[in-house]
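Notes for the one structure printed next.
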Protein chains: 2
Amino acid sequence: MTNSKNARLKIVRPVRSGQTTEQVVARVYELIKSEHLKPGERLPPERELSKQLGISRPSLRAGLSSLISMGVLQSRQGAGTFLVDGPPALDSEPLRLLAQLHGFSFEHMFETRSILEVGAAGLAAERATGEQLATMSEEIAEMFAALKDPQQFLVHDVAFHRAVAVASGNPTLATLVEMVSAILYERRRETIDRAHDFNESLDLHRQVYRAIRARKPDEARAAMREHIVRAQRAFALEEEQQQSNLEQDRA
Amino acid sequence: MTNSKNARLKIVRPVRSGQTTEQVVARVYELIKSEHLKPGERLPPERELSKQLGISRPSLRAGLSSLISMGVLQSRQGAGTFLVDGPPALDSEPLRLLAQLHGFSFEHMFETRSILEVGAAGLAAERATGEQLATMSEEIAEMFAALKDPQQFLVHDVAFHRAVAVASGNPTLATLVEMVSAILYERRRETIDRAHDFNESLDLHRQVYRAIRARKPDEARAAMREHIVRAQRAFALEEEQQQSNLEQDRA
DNA sequence: TCTTGGAATTGGTCATGACAATTTGCGACG
DNA sequence: CGTCGCAAATTGTCATGACCAATTCCAAGA
């Protein structure tokens with residue numbers, strides 16, 4: 001009645017959910033782009049920012065909450081909202097949800113991880129700096145020291161792989177490696193106590209390291225591929241045991 | 001150890017931000033997990049859901065807004081909020097922001113894309129179904145038809161690569177390929193009109209296809225690698241021209 | 001039977017206020 | 001004069017409530 005026929009405005013685009021949310025994201029994006037905001041710095045207070053954008057605080061918060069969940073922002077109550085600093089990282093949550101939603105298998109995750117890390121190992125063999133080589137070596141040493149402590153071993157295992165990814169000199173690649181690995185890591189932490197022998201795993205890590213150190217990309221790739229294949233096998237075994245243990249518990 | 005740099009494994013994230021937001025995400029995650037909610041289905045109305053969770057509607061909306069920005073949910077005013085349907089996909093926005101924030105270069109993006117797509121091509125050569133092969137072939141045909149229309153050519157170029165990624169049979173991998181490609185695609189769309197000759201590109205696409213069709217993973221990988229290297233070169237050239245054109249405009 | 005109008009449903013936005021955690025600065029005490 | 005401790009200001013967190021806009025659906029009328 002009130003709007004009789006002017007409602008002819010047929011929006012061609014599929015309804016943009018969150019007009020204002022999008023606005024917030026775009027605004028922050030501009031702040032970053034124009035270098036007015038550097039990593040680690042603080043954003044204007046919500047009350048002020050909402051006025052700047054001409055939107056209400058709840059709406060602003062919806063947008064910020066999106067950016068927080070994307071891992072771009074981080075907020076501390078009483079202190080403020082900050083651009084994350086530190087190494088670039090993507091939140092694994094979206095991938096995890098997607099995997100759950102579509103029933104991705106761990107085999108596929110491992111396969112993807114293999115492709116990413118094999119590539120990273122090859123690049124690392126070409127580009128790793130001395131310091132990065134040192135970091136890898138240190139993590140291997142820590143793995144030696146933790147042969148009797150599965151959880152600790154796993155921590156340094158992950159750290160080694162992260163070091164390789166970083167040494168690839170490709171932050172995009174390193175970010176993806178991190179994202180995929182994080183999901184597998186969490187799952188593995190629950191089952192690794194059932195693993196028996198880390199010597200083989202450790203040896204393969206050392207082969208990867210030696211190949212990178214010797215600047216032999218092909219060998220590094222081959223070693224990493226072999227390592228991940230075996231890791232996947234070990235993982236499958238642990239899962240199996242976990243499964244049978246659960247069945248025993250029920251009995 | 002004494003080196004305080006690498007021993008900092010901060011896996012714990014300050015949960016301070018988003019107590020309730022996290023709760024919402026967890027709740028939806030449970031809904032999905034327990035299969036009470038299938039792709040394409042509708043969530044309970046916000047007013048009801050907020051009561052179920054014992055939180056206010058704005059708080060609930062903050063959480064939903066996160067899930068929407070992750071690409072898990074989609075909402076239409078007046079209709080409801082739905083679990084996304086269709087092929088699994090991760091939003092590229094987070095990666096784009098991260099790239100902007102840390103100054104990732106396009107070279108690195110291409111390199112990552114190469115690693116992902118080369119791997120996908122290899123897997124596709126092992127697993128592609130007849131239908132998937134047909135899809136690839138059709139896209140190549142469309143590229144033939146669009147030799148004089150850069151924008152259209154690019155559309156089918158992207159579609160071909162997507163088909164290869166899907167044919168890898170690995171949805172995780174396909175999702176990552178999609179995410180990285182989307183960013184490069186957007187940039188490329190702006191410069192492709194300056195490209196001269198698509199015949200070489202088309203020929204390389206056909207080589208990739210033939211290798212996949214012939215079930216020769218190594219050849220498929222090699223062809224894909226070669227293709228992307230050249231695509232990157234072409235891209236760099238177009239960028240250069242774009243640059244000099246801009247300078248001319250200023251003069 | 002088909003069209004159409006409106007009411008109910010549902011997401012989108014806003015305003016306001018109370019609350020909690022952190023930071024900061026001032027004052028008391030050594 | 002310096003240091004510690006507490007209180008106020010700052011800032012994010014959450015709730016309540018209201019209104020708007022788009023969609024859906026059903027019933028009344030052509």
Side-chain angles (χ1 to χ4, degrees), chain A residues 1-28 31 37 40-84, chain B residues 12-28 31 37 40-85:
Chain A
M1 192 73 91
T2 53
N3 48 355
S4 51
K5 284 193 179 177
N6 57 358
R8 281 291 77 174
L9 299 178
K10 248 190 183 175
I11 301 178
V12 181
R13 290 184 298 185
V15 181
R16 285 280 187 229
S17 64
Q19 219 84 358
T20 53
T21 297
E22 203 172 88
Q23 189 182 347
V24 173
V25 174
R27 171 67 172 188
V28 173
L31 279 178
L37 196 60
E41 273 189 13
R42 217 195 66 186
L43 270 73
E46 292 186 353
R47 290 166 177 80
E48 184 182 335
L49 197 53
S50 66
K51 284 198 174 180
Q52 278 186 26
L53 300 185
I55 60 179
S56 71
R57 225 152 71 84
S59 298
L60 174 74
R61 283 182 55 74
L64 293 184
S65 137
S66 288
L67 288 165
I68 288 173
S69 78
M70 291 195 299
V72 177
L73 298 182
Q74 185 177 359
S75 62
R76 294 203 325 269
Q77 188 173 164
T81 304
F82 304 82
L83 255 184
V84 292
Chain B
V12 287
R13 68 169 29 176
V15 196
R16 316 159 182 273
S17 66
Q19 221 82 352
T20 53
T21 297
E22 201 172 274
Q23 190 183 345
V24 172
V25 174
R27 170 69 172 186
V28 174
L31 279 178
L37 199 59
E41 274 189 12
R42 215 195 68 185
L43 270 72
E46 292 186 352
R47 287 165 180 81
E48 184 181 338
L49 197 52
S50 66
K51 282 197 175 183
Q52 278 185 25
L53 300 184
I55 61 178
S56 71
R57 209 157 77 90
S59 297
L60 173 74
R61 284 183 53 75
L64 295 183
S65 147
S66 290
L67 288 165
I68 289 173
S69 77
M70 292 194 299
V72 176
L73 298 182
Q74 185 180 355
S75 61
R76 296 203 323 271
Q77 188 174 160
T81 304
F82 304 82
L83 259 184
V84 290
D85 198 358

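Naming: A, B, ... by sequence-line order, numbering from 1 per chain. Quick caveat, the model's predicted, so the values are computed rather than measured.
For D:dC14, the OP1/OP2 oxygens have a side-chain nitrogen or oxygen of B:Thr20 closer than 4.0 Å. Under 4.0 angstrom from either OP1 or OP2 of C:dC14 there lies at least one side-chain N or O belonging to A:Ser59. For D:dG12, the OP1/OP2 oxygens have a side-chain nitrogen or oxygen of A:Thr81 closer than 4.0 Å. For D:dT13, neither phosphate oxygen OP1 nor OP2 lies less than 4.0 angstrom from any side-chain nitrogen or oxygen of A:Arg76.
Residues that satisfy the side-chain contact (heavy atoms from CB on, under 4.5 Å) test with A:Arg47, not counting sequence neighbours, are A:Arg57.
In this structure, B:Gly63 reaches neither bases nor backbone, as no heavy-atom distance under 4.0 Å exists between it and the strands shown. Nucleic acid contact class of A:Glu46 (heavy atoms, under 4.0 Å, all strands): base.
Rounding to the nearest 0.5 Å places CG of B:Leu49 at 7.5 Å from CG of B:Leu31.
For B:Pro45, counting side-chain heavy atoms from C-beta on, the closest listed nucleotide (C:dG11, D:dT24, C:dA15) is C:dG11. Candidate nucleotides D:dG17, C:dG12, D:dC14 were compared by shortest atom distance to the side chain of B:Arg61, and C:dG12 ranks first. Counting only heavy atoms from C-beta on, B:Ser75 has its side chain closest to C:dG11 among C:dT22, C:dG11, C:dT13.
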Please enumerate all protein N or O atoms sitting under 3.5 Å from an N or O of nucleotides 18-20 of chain D, with distances to 0.1 Å.
{"from": "D:dA18", "atom 1": "N6", "to": "B:Arg57", "atom 2": "NH2", "distance (Å)": "3.3"}

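We find that CZ of A:Arg42 is positioned 11 Å from P of C:dT23, with the value rounded to whole Å. With rounding to whole Å, A:Glu22 atom CD is found 13 Å from C:dG12 atom P. One interatomic measurement links the two molecules: CG of A:Leu60 to P of D:dT11, which rounds to 14 Å at whole-angstrom precision. One atom, CG of A:Leu73, and another, C1' of D:dT11, lie 15 Å apart when rounded to the nearest Å. If you measure from atom CG of B:Leu49 to atom C1' of C:dT10, you get 13 Å, rounded to the nearest angstrom. When rounded to the nearest whole Å, the span between CG of B:Leu64 and C1' of D:dC14 equals 15 Å. The nearest whole Å value for the distance from the CZ atom in B:Phe82 to the P atom in C:dT10 is 10 Å. What separates CG of B:Leu53 from P of D:dA15 is a distance of 10 Å, to the nearest Å.
Annotation: side chain of A:Val72 is in contact with side chain of A:Leu83 (closest heavy-atom distance under 4.5 Å). Between A:Glu48 and A:Gln52, the closest side-chain pair of non-hydrogen atoms falls below 4.5 Å.
Side-chain atoms of B:Thr20 do not come within 3.5 Å of backbone N or O of B:Ser59 as any donor-acceptor pair. No donor-acceptor pair under 3.5 Å is formed between the side chain of A:Ser66 and the backbone N or O of B:Ser69. No side-chain donor-acceptor contact under 3.5 Å links A:Thr81 to the backbone of A:Ser75.
Between B:Gly80 and A:Pro58, the residue anchored nearer the 5' end of DNA chain C, judged by the nucleotide with its closest heavy atom, is B:Gly80. Annotation: of the two residues near DNA chain C, B:Leu43 and A:Gly54, the 5′-most nearest-nucleotide partner is B:Leu43.
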Set out, in order, the CA-CA distance, both residues' side-chain angles and the distance that settles side-chain contact (heavy atoms from CB on, under 4.5 Å) for B:Thr21 and A:Ile68, then state yes or no. CA-CA 10 Å; B:Thr21 297; A:Ile68 288 173; over 6 Å; no
